[in-house]
Student: 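This is the structure, below, for whatever I ask next.
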Amino acid sequence: MLVPVFTLKLNHRINPRMVTVGKYDGVHPCLTAATQAGKVFIHNPHSRGVRLSSHRLNPSSQDTDVSLLNINQAVSCLTAGVLNPQHNYDSLIVGTQTNLLAYDVHNNADIFYREVSDGANAVVLGKLGDISTPLAIIGGNCALQGFNYEGNDIFWTVTGDNVRSLVLCDFNGDGKNELLVGSEDFDIRVFKEDEILAEMTETETVTALCHMHGSRFGYALANGTVGVYDRTARYWRIKSKNHAVSIHAFDLNSDGVCELITGWSNGKIDARSDRTGEVIFKDNFASSVAGIVEGDYRMDGQSQLICTSVEGEVRGYLPASKEMRGNLLDASVEQDLLRELSQKKQNLLLELKNYDENAKVGTGSLSETDGQTGIIPANTQLQTALSVCLGSETQSPNVELSISTCNDTIIRAVLIFAEGIFEGESHVVHPSVQNLSGCIRVPIIPPKDIPVDLHIKAFIGGKNSTQFHVFELTRQLPRFSMYALCTDKSLSVPKSKVTFLINERVQRVIMWLNQNFLLTEDIGSPDVSFTSLRGGGMLCIKMKPNGEITINTDDMDLAGDLIQSLASFLGIDELQVEADFPVYFEEIRRILIKVDEYHSVHQKLTAQMADHSNLIRNMLVQAEDARLMADMKVMKKRYSELYDLNKDLINGYRIRANNHTELLNCLRAVNQAIQRAGRLRVGKPKNQVITACRDAIKNNNANALFKIMRAGTASSSL
Amino acid sequence: MEVNLNRVDYVQVGVTSQKTMRLLPTSGRRATQKVAVADHDGVITCFGMKKGDPIPVFKTLPGQKIFRLTLGGALGTPQEKIFISSGSEVRGFTKKGKQFLSFEANLTESIKAMFVSGPDLFVCGSYIYNHYYDCKDQDYYLSGDKINDIVCLPMDGAKPITPILACQDRILRVLQASDLKYEIEISGPPTVLELNNGNGGDSGEEILYGTSDGKLGLVHITDSEPVPKWEVANEKKRGGILCIDCFDIIGDGVKDVLVGRDDGKVEIYGFDSSLEPILRFEHVLPESITSIQGGCVGKDNFDEVVTTTYTGWVTGLTTETQQKEAGPGEEMKMSQEIQNKVAALRGELEQLQLKVLQEREKFQQCAQSSTAISSVPVFSVNDKFTLCRDDASYSLILEVQTAIDNVLLQSDVPIDLLDVDKNSAVVSFSGCDSEPNGNFLLATYRCQANTTRLELKIRSIEGQYGTLQAYVTPRLQPKTCQVRQYQIKPLSLHQRSHVIEQNRPMNTLTLTGPFSFAEIHSWVVFCLPEVPEKTPAGDSVTFCFQNTFLDTQLDCTYSKGKGDFKSDNISTISILKDVLSKEATKRKINLNISYDINEESVNHTLKLIHPKLEYQLLLAKKVQLIDALKELQVHEGNIDFLIPEYRSILEDADHLIEEYKKQPAHLERLYGMITDLFIDKFKFKGTNVKTKVPLLLEILDNYDPSSLVAFFDSA
């Protein structure tokens with residue numbers, strides 16, 4: 001049994017996910033974490049007594065090992081590492097919703113302090129691709145920014161949604177780091193500098209990522225899933241009812257391979273084998289885990305796994321010694337193995353008994369029994385069908401799954417387990433006793449265009465049964481199932497469209513259509529129209545004999561999805577696309593104008609605040625003067641004025657906060673627009689579009705931006 | 001006196017009932033004991049251990065479910081005869097497995113509990129108690145509620161025979177011949193009785209009891225009255241007690257109390273110098289412990305605690321240290337032994353797998369034929385649905401003999417499903433429309449591998465009644481699922497009690513009409529939990545209840561044609577009135593309902609609520625302050641500048657937060673009940689005050705007892 005080699009009780013709460021270890025003097029590792037009230041504490045047990053308080057850093061009056069760093073804003077992420085390649089000590093990077101601070105703890109000085117309008121939800125420090133200096137890369141609202149030690153953002157790109165987790169790892173084995181980005185649209189994207197190498201779609205917001213070894217990395221989702229990927233293939237995953245707060249790779253059993261260490265919201269910590277997900281060690285904290293890091297905290301040359309809880313409890317574990325032979329848990333392995341085998345045996349025996357009893361009942365007629373045990377004809381089969389249902393007054397349009405039995409048995413209930421399309425992981429249909437029948441229709445409304453496996457469990461039996469047979473089967477929902485084939489040619493075709501040329505046979509495109517749309521019968525020509533069940537908008541896909549494909553839709557996301565799906569189906573590596581979305585572009589234009597407005601309002605408000613704070617200073621001095629001179633009347637007056645001013649300030653703050661959120665929303669929309677424009681293209685043209693758009697934004701050139709979005713390159717204008 | 005016990009698994013038999021495993025006494029000096037265990041397949045297995053391998057002594061043929069197994073024999077000789085009960089039959093076996101007795105008790109109910117002493121045999125069905133001497137009928141008693149267990153004080157000829165019944169209505173009934181001598185009220189429904197020290201203690205009159213809400217106690221049964229000695233409360237919310245034994249495992253010369261619980265906990269209580277029980281050791285097995293006994297089975301000279309679990313594992317917790325700590329040479333040898341075992345098991349498994357494959361194919365082929373039917377035997381589900389007094393919520397425990405795959409919960413009344421720390425299953429709530437299918441809750445629990453036991457917590461609302469259904473699907477081919485139903489009764493938060501405070505202001509609801517005693521009893525059963533289903537003997541009956549949330553009381557007295565319901569809570573009366581009239585209409589019985597409302601009772605109930613409400617409001621306020629105060633503490637570095645009140649909040653922070661977490665939504669529930677009280681008060685006056693509810697909530701938000709009372713009076 002592995003026990004902690006040290007435990008500490010720090011008297012500070014620790015914000016979840018905001019824990020790191022840094023060697024700020026190049027030698028001594030210090031546990032650093034964000035705590036309440038916009039503060040960061042640094043725990044340095046190694047050099048006692050010799051500390052000065054100045055600038056941001058204050059020694060905590062409660063205990064001597066801890067110094068506090070005032071950020072004066074809610075911290076949203078932090079990390080530590082070598083930022084300036086000429087220094088051999090770590091810098092501390094702290095991100096908030098508006099700013100990024102790089103701080104030299106040893107010299108007690110700011111390295112840089114930058115305003116980041118997209119916020120910093122996650123931060124990672126390290127080398128990316130061919131960029132020579134280490135970067136502090138932050139992920140915010142749909143945007144990624146990398147700063148070098150001079151505070152210049154030499155890396156910038158956009159991604160599909162708010163970034164929640166980042167990690168650097170050599171994904172493709174080229175010896176250089178790629179950036180893995182987990183975001184709120186359930187995607188893990190791999191960036192080789194600006195270029196997207198791969199995209200993996202998960203089932204929930206990706207809240208944590210960590211590098212295991214080689215091209216292998218761990219991930220955690222907001223719904224309690226943790227797992228391991230090797231490149232784009234998922235090795236394993238498990239799901240718990242708790243949430244994984246922090247994941248970390250550490251070789252706890254000394255077998256030379258890192259295990260995935262997970263800290264859970266209920267205070268549990270477990271270490272799982274990277275190959276199988278099998279638990280090899282677990283321990284419990286009294287409160288939720290805040291973060292897991294590693295460092296040589298005892299300065300004895302061995303790295304410890306350091307786990308922290310939100311209540312400030314810290315435990316360090318050394319990797320197991322060889323004698324333990326990887327057996328870190330309390331129970332004996334042999335006993336467990338025996339137990340497991342016996343359990344298996346018992347299960348098989350029970351199954352045999354089931355068949356035996358079944359044979360005994362044999363071919364006796366049905367009427368003899370009362371149906372309590374749920375006897376059904378042996379040839380009962382379950383039929384399922386998927387179809388598009390246009391909906392009625394009471395029912396919104398949906399995809400309908402109909403499940404029916406082939407005889408007079410009834411379906412008591414249907415459980416559908418599928419990821420990403422229901423509120424939870426399952427959907428249940430349970431008719432009341434009066435409405436029992438052999439056929440159940442389940443309306444499904446997938447919120448996103450993703451292919452989904454529906455794992456269906458149907459309880460089949462008689463009307464009065466207390467025991468039912470469980471039929472299990474799996475159906476796949478095609479990616480674009482929420483689009484109904486439309487034969488009415490009179491409906492107007494949307495003005496927005498994308499056109500592109502491919503070098504493929506028509507037959508292959510038809511095949512793609514048949515596989516990805518829910519069609520009652522296969523279509524023959526590549527000229528089809530659909531209505532979207534979500535918004536009712538039209539979607540027309542048309543292919544000319546010369547290979548030119550036109551997709552008409554007002555939904556830019558959908559166009560992007562279609563192009564990506566088609567390109568991967570046909571194996572197209574590069575695709576340039578002409579796009580025109582007049583309505584959407586107009587909206588972006590308006591948003592860009594709004595962004596300018598918000599910016600100017602922001603500046604105005606900041607100036608006003610500065611004025612106010614000067615006033616406050618004066619008034620406070622006056623009030624205190626009055627107090628010293630025992631002129632209570634004036635003092636009272638001054639203080640009531642101060643109170644009013646304070647109220648004004650608070651009001652001003654509210655306005656500023658509103659203004660800020662509006663600004664953020666707008667910026668997010670702009671970032672999303674760039675990302676969407678990128679998704680319309682494949683391969684190199686995709687990256688070109690994103691970089692060109694970015695340049696256009698930098699130069700505040702809206703017209704160029706739209707030109708790029710339309711044509712896919714900036715070159716035509718130059 | 002530390003004790004360290006290691007787990008060793010011996011054998012697995014079928015599903016077992018409570019108290020179905022005993023260790024046979026040794027014949028020689030300090031030799032290992034044999035184990036006799038009976039299961040639901042009707043098989044008695046008797047085995048001993050030799051070099052770590054179970055050596056069977058005998059095994060009987062399958063038959064009816066066995067509910068109890070006990071040992072007996074002529075007084076003064078080793079108690080080594082095995083008695084089992086199945087159906088209404090008692091059978092006796094010698095230690096070699098030879099049947100020497102088959103006795104049909106001719107009870108209308110199957111035997112649920114049994115006690116054997118020399119030639120005396122005591123058996124209990126659900127409600128019936130019967131005593132036989134040499135298989136000849138002696139005494140008979142009909143209990144008012146379900147009998148869970150029985151013991152009889154040791155007989156020395158001088159004292160009269162004193163059997164004690166543990167009854168579901170929280171009463172230990174002490175009998176004398178066919179009559180009730182006296183009743184002992186205890187704090188929970190007793191599930192198991194055992195003689196203290198195995199012989200009733202020094203006086204021979206002490207018995208240990210365990211309750212389904214996890215309490216353990218000792219009571220001295222004297223001739224005239226009971227003397228309670230001690231009771232161990234269940235503060236940590238452990239499972240109900242299923243079995244107790246006395247054995248000196250710690251080795252201090254005093255017999256310890258061994259306890260097995262339905263959440264898999266094995267506990268050992270030792271005694272301090274003042275003879276108060278202290279928890280000395282605990283161990284968790286993954287499923288309910290159905291039987292427990294101390295003895296020596298695995299190896300000479302090493303005492304152990306032997307348990308059986310629900311799925312039939314016979315497991316020892318032995319004082320023998322495990323091989324791991326032995327020298328390296330020995331370890332090799334041990335693992336060789338285990339390797340052989342593993343290899344043997346693997347071989348067995350392979351063969352079984354082949355056979356299963358064949359059978360599976362046969363079964364598949366069967367599906368081609370149009371006349372064949374598919375029937376899968378009913379698997380056994382061990383379930384328990386009980387009201388927890390502490391937080392006024394229901395706990396539902398489901399246990400299956402193999403791993404559970406998933407559980408679907410469906411309810412046709414609004415209930416809240418609470419999270420239970422112990423259960424690791426992934427829960428997912430499915431959207432449900434109450435029309436047309438009447439679902440208010442649809443939730444699936446997908447269980448992790450090897451989960452055989454699932455614990456859920458449910459919060460109900462009084463007045464809203466219906467059925468909760470659980471569809472349990474185990475991981476067993478061919479896949480089947482079983483549905484279990486649980487009634488959520490209209491007065492679901494009431495609990496039986498046996499005392500009633502007479503001086504409270506009471507509201508009365510009186511029913512008269514042409515209904516039979518059985519009919520009105522069935523209505524009461526429908527409305528209230530913990531009432532025996534069987535119509536009580538006699539012409540009239542009185543049941544008392546207590547509201548576990550508000551501590552208000554209800555007194556039901558009824559007979560043929562008349563029913564009186566008295567409660568100090570007007571909402572209780574209102575619910576009863578609604579449900580009873582609905583039930584009567586369903587059966588087309590013309591009911592006369594009259595009620596007598598005591599105005600004082602409303603204020604009285606508010607007074608009862610006041611301390612709870614005040615406490616909760618204060619707690620909520622304090623908890624809200626904790627974070628801010630902590631921030632100040634960090635900022636200022638110390639807390640000396642704070643007023644004492646805030647300082648004490650900071651000092652108690654952990655405790656406060658824990659307390660707050662313990663009772664989620666407590667405040668909301670209190671608000672709901674006060675609102676109900678308000679509406680019901682005026683309903684009886686014939687006015688509808690629903691429009692004034694927002695005003696009431698406003699008053700509650702700025703709570704002050706006098707303004708609340710004033711509002712109730714004025715509206």
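Order of the sequence lines fixes the chain letters, A, B, ..., with proteins taken first and strands second; residue numbering starts at 1 for each chain. Quick caveat: nothing in here was measured; it's all calculated off a predicted structure.
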Student: Is it true that a side-chain atom of B:Ser411 and a backbone atom of B:Leu468 form a donor plus acceptor pair closer than 3.5 Å?
Tutor: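 No.
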Student: Using every non-hydrogen atom in the two residues, find where B:Asn423 and B:Glu455 come nearest and quote the distance to one decimal.
Tutor: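 Closest approach of B:Asn423 to B:Glu455: ND2-O, 2.8 Å.
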Student: Within the side chain of A:Glu419, is there an N or O that forms a donor-acceptor pair under 3.5 Å with the backbone of A:Ser426?
Tutor: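 Between the backbone of A:Ser426 and the side chain of A:Glu419 there is no qualifying donor-acceptor contact (under 3.5 Å).
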Student: Which one of B:Lys630, B:Arg446, B:Arg346 has the most heavy-atom pairs closer than 4.5 Å to chain A?
Tutor: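 The answer is B:Arg446.
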Student: Which residue out of B:Arg475, B:Gln410, B:Gln469 racks up the most heavy-atom pairs below 4.5 Å with chain A?
Tutor: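 Top count of heavy-atom pairs under 4.5 Å with chain A: B:Gln410.
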Student: Where on B:Phe429 is there a heavy atom nearer than 4.5 Å to chain A: the side chain, the backbone, both, or neither?
Tutor: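 Contact with chain A: backbone only.
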Student: Counting heavy-atom pairs closer than 4.5 Å to chain B, which one of A:Asn435, A:Leu415, A:Leu341 comes out on top?
Tutor: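 Of the candidates given, the most pairs with chain B belong to A:Leu341.
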Student: Need one label for B:Leu408: side chain, backbone, both or neither, based on atoms under 4.5 Å from any heavy atom in chain A.
Tutor: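 For B:Leu408, the contact with chain A is made by the side chain alone.
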Student: Scan side-chain atoms only and decide if B:Tyr445 and B:Ser428 contain a donor-acceptor pair under the 3.5 Å cut-off.
Tutor: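 Note: B:Tyr445 and B:Ser428 side chains miss the donor-acceptor criterion.
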Student: Without swapping roles, check the side chain of B:Thr451 against the backbone of B:Ser424 for a donor-acceptor pair under 3.5 Å.
Tutor: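 Absent.
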Student: Would you say the rings of A:His427 and A:Phe417 are close, in the sense that their centroids are separated by under 6.0 Å?
Tutor: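 Aromatic pair excluded; centres sit 6.0 Å or further apart.
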Student: Which one wins on heavy-atom pair count under 4.5 Å against chain B: A:Gln343, A:Arg412, A:Arg13?
Tutor: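 The option with the most such pairs is A:Arg412.
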Student: Under 4.5 Å heavy-atom distance to chain A, tell me which part of B:Gln448 shows up: side chain, backbone, both or neither.
Tutor: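 Side chain only.
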Student: For A:Thr380 and A:Asn407, which I'm curious about, is there any donor-acceptor pair between the side chains at under 3.5 Å?
Tutor: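 A pair is found: one side chain offers a donor N or O, the other an acceptor, under 3.5 Å apart.
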Student: Need one label for B:Val13: side chain, backbone, both or neither, based on atoms under 4.5 Å from any heavy atom in chain A.
Tutor: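 Just its backbone gets close to chain A.
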Student: Among A:His430, A:Lys345, A:Glu425, single out the residue with the greatest number of heavy-atom pairs under 4.5 Å to chain B.
Tutor: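 Option with the greatest count: A:His430.
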Student: Among the options A:Glu423, A:Glu472, A:Gln381, A:Lys344, pick out the one with the most heavy-atom pairs lying under 4.5 Å from chain B.
Tutor: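 It is A:Glu472.
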Student: Before giving the answer on salt bridge (charged side-chain N to carboxylate O under 4.0 Å, His left out), spell out for B:Arg360 and A:Glu351 the whole-Å C-alpha distance, their side-chain angles and the decisive distance to 0.1 Å.
Tutor: CA-CA 9 Å; B:Arg360 223 179 259 176; A:Glu351 189 178 342; 2.8 Å; yes
Student: With a 4.5 angstrom heavy-atom cut-off, could you sort out which part of B:Ala628 is near chain A: side chain, backbone, both or neither?
Tutor: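 Neither; nothing under 4.5 Å.
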Student: Would you mind checking which part of B:Asn450 comes under 4.5 Å of any heavy atom in chain A, side chain (CB onward), backbone (N, CA, C, O), both or neither?
Tutor: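 For B:Asn450, neither part sits under 4.5 Å from chain A.
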Student: If I measure from the heavy atoms of chain B, does A:Ala286 come under 4.5 Å with its side chain, its backbone, both, or neither?
Tutor: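 Neither; nothing under 4.5 Å.
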Student: Output, in order, the C-alpha distance, side-chain angles, deciding distance and verdict of side-chain contact (heavy atoms from CB on, under 4.5 Å) for A:Thr409 and A:His469.
Tutor: CA-CA 11 Å; A:Thr409 51; A:His469 283 68; over 6 Å; no
Student: Does the side chain of B:Tyr486 pick up a donor-acceptor pair with the side chain of B:Asp383 at under 3.5 Å?
Tutor: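 On atom types as modelled, these side chains qualify, holding a pair under 3.5 Å.
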Student: Between the side chain of B:Asp412 and the main-chain N/O of B:Thr467, is any donor-acceptor distance below 3.5 Å?
Tutor: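 At least one qualifying donor-acceptor pair exists.
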Student: Flag the one option from B:Thr402, B:Thr473, B:Leu349 with the top tally of heavy-atom pairs under 4.5 Å to chain A.
Tutor: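 Result: the option with the highest number of such pairs is B:Leu349.
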Student: Examine whether an atom of B:Gln353 lies under 4.5 Å from a heavy atom of chain A, and if so say whether it belongs to the side chain, the backbone or both; otherwise answer neither.
Tutor: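 For B:Gln353, heavy atoms of backbone and side chain both lie under 4.5 Å from chain A.
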Student: Among B:Val427, B:Thr311, B:Asp419, single out the residue with the greatest number of heavy-atom pairs under 4.5 Å to chain A.
Tutor: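 Of the options given, most contacts go to B:Asp419.
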Student: Identify which part of A:Phe459 has an atom lying under 4.5 Å from any heavy atom of chain B, answering side chain, backbone, both or neither.
Tutor: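 Side chain only.
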